[in-house]
Amino acid sequence: PQPSIGVLVMAYGTPASPEQIERYYTHIRHGRKPTPELLAELQGRYQAIGGISPLMHHTHTQVRGIQAALDTLAPGRYRTSLGMKHAAPFLEESALALAQSGVKQIIGLVLAPHYSSMSVGEYMQRARTAIPAEIPFTAVESWHRAPGYLEYLTEQVKQAKEHQLRESGIAEERLEVLFTAHSLPMRILAQGDPYPTQLQETAQAVATAAQLQHWSIAWQSAGRTADPWIGPSILDVLPELAAQGVQGVLVCPAGFVSDHLEVLYDLDIETIQLAQSLQLAFARTALPNNDARVFATLADLIQDHVAAQD
Ligand code: FEC
């Protein structure tokens, strides 16, 4: 029989080639072309990580992994489809094709753990608009405390911390673990957006499980706009930590699930340079990329979501 449940897996998207950067950037800016300076700056960042981002590759792997995990739970029941926010296949297109494939309902899942009206909320709204009214569409809105995801982060933090302490020779009380996510404009907070609380909850759960002594959350990758963005920015936190006598930082980019520009450039190039100038030892944890446990926990969430509707 045909799969009866469609799962629209949504991700940010990245330019497929350097020539696509301008179109991509214009899409992110809601149709306004970037200035030549802004464009050159973004092209330079992609150049610095090797020309294009590995995000597309990881996203495809993740969708396949989630499909495989769902097939293990319920063979033949689910059909996954990838739709992206800022690159083809755009999520509207994929949502419509999925609706027309014969599924009876569609579940939306975004490859980002924390809900904000300006991130996950936008994906969901765009998907809802594209799906014909007769096909029920519901969403897994956040998964910042999904067991397999917390276990994955805890394991990475423990391993990376032990390695960093061994390599650098610094004492544990001189090491700060920073959990980061993408910053968003402050205006989201006025309507009680859960985004910062959810990052705090992820961080607290991992800190408890990994028995961390010193940890906090910080925000990264704020956009180049005039709005005030949620802080503290990791770039402001490092000098403060150094001034307090901290000797090393371990960054856990908990808001992301794969290696991409915001990790490989913003952390591995920009933030590392700052850490070096402050003589802070720097390390970061690995991203889930192709981790089967994370796929399994997402499949469980989808299955639970469906069960809760019955
Ligand atoms: O590797 C890659 O090629 C793509 C990396 C990438 C990811 C990503 C994730 C998030 N963003 C979020 C919010 C915003 C807001 C603006 C914004 C702008 C950019 C620009 C690039 C970019 N984002 Fe992104 N984001 C990635 C890439 N992002 C490039 C444009 C240049 C710049 O500002 O750096 C500001 C839009 C505006 O101008 O109005 C807001 C959020 C996430 C994490 C959740 C998710 O994945 O959806 C939130 C990956």
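Just so it is clear, the structure is predicted and the values come from calculations on it, not from any experiment. Atoms within a ligand are numbered from 1 in the order they appear, just like the ligands themselves.
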Query - Ring geometry between His182 and Trp229 (parallel below 30°, tilted from 30 to 60°, perpendicular above 60°) - result: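 Tilted.
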
**Report entry** Plane angle bin for His27 and Phe90 - parallel if under 30°, tilted between 30 and 60°, otherwise perpendicular
**Finding:**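 Judged by the thresholds at 30° and 60°, the geometry between Phe90 and His27 is tilted.
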
Sub-4.0 Å atoms of ligand 1 with respect to non-hydrogen atoms of [X]:
{"X": "Thr225", "value": "38 (O)"}
{"X": "Ser119", "value": "48 (C)"}
{"X": "Leu42", "value": "29 (C)"}
{"X": "Tyr46", "value": "2 (C), 3 (O), 4 (C)"}

Requested in this report: Compute the minimum heavy-atom distance from Tyr265 to ligand 1 and say whether it is under 4.0 Å.
Outcome: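 In this structure, Tyr265 fails to qualify as a contact of ligand 1 - no heavy atom is under 4.0 Å.
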
Query raised in the report: Touching ligand 1 at all, Arg45? Heavy atoms, strictly under 4.0 Å?
Result: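 Distance cut 4.0 Å: Arg45 passes for ligand 1.
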
Query raised in the report: Is the distance from atom 24 (Fe) of ligand 1 to some N, O or S atom of Ser221 under 2.8 Å?
Result: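 No, since none of the N, O or S atoms of Ser221 sits under 2.8 Å from atom 24 (Fe) of ligand 1.
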
Query raised in the report: Under the side-chain contact (heavy atoms from CB on, under 4.5 Å) criterion, do Ile5 and Ile107 qualify, and how do the steps go?
Result: CA-CA 7 Å; Ile5 302 177; Ile107 317 290; 3.8 Å; yes

Query raised in the report: If hydrogens are left out, which of Pro54, Ser53, Pro113 has an atom nearest to atom 1 (O) of ligand 1, that is, the closest non-hydrogen atom?
Result: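 The residue whose heavy atom sits nearest atom 1 (O) of ligand 1 is Ser53.
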
Query - Between Ser117 and Gln191: side-chain donor-acceptor atoms closer than 3.5 Å - result: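 No donor-acceptor contact under 3.5 Å links the two side chains.
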
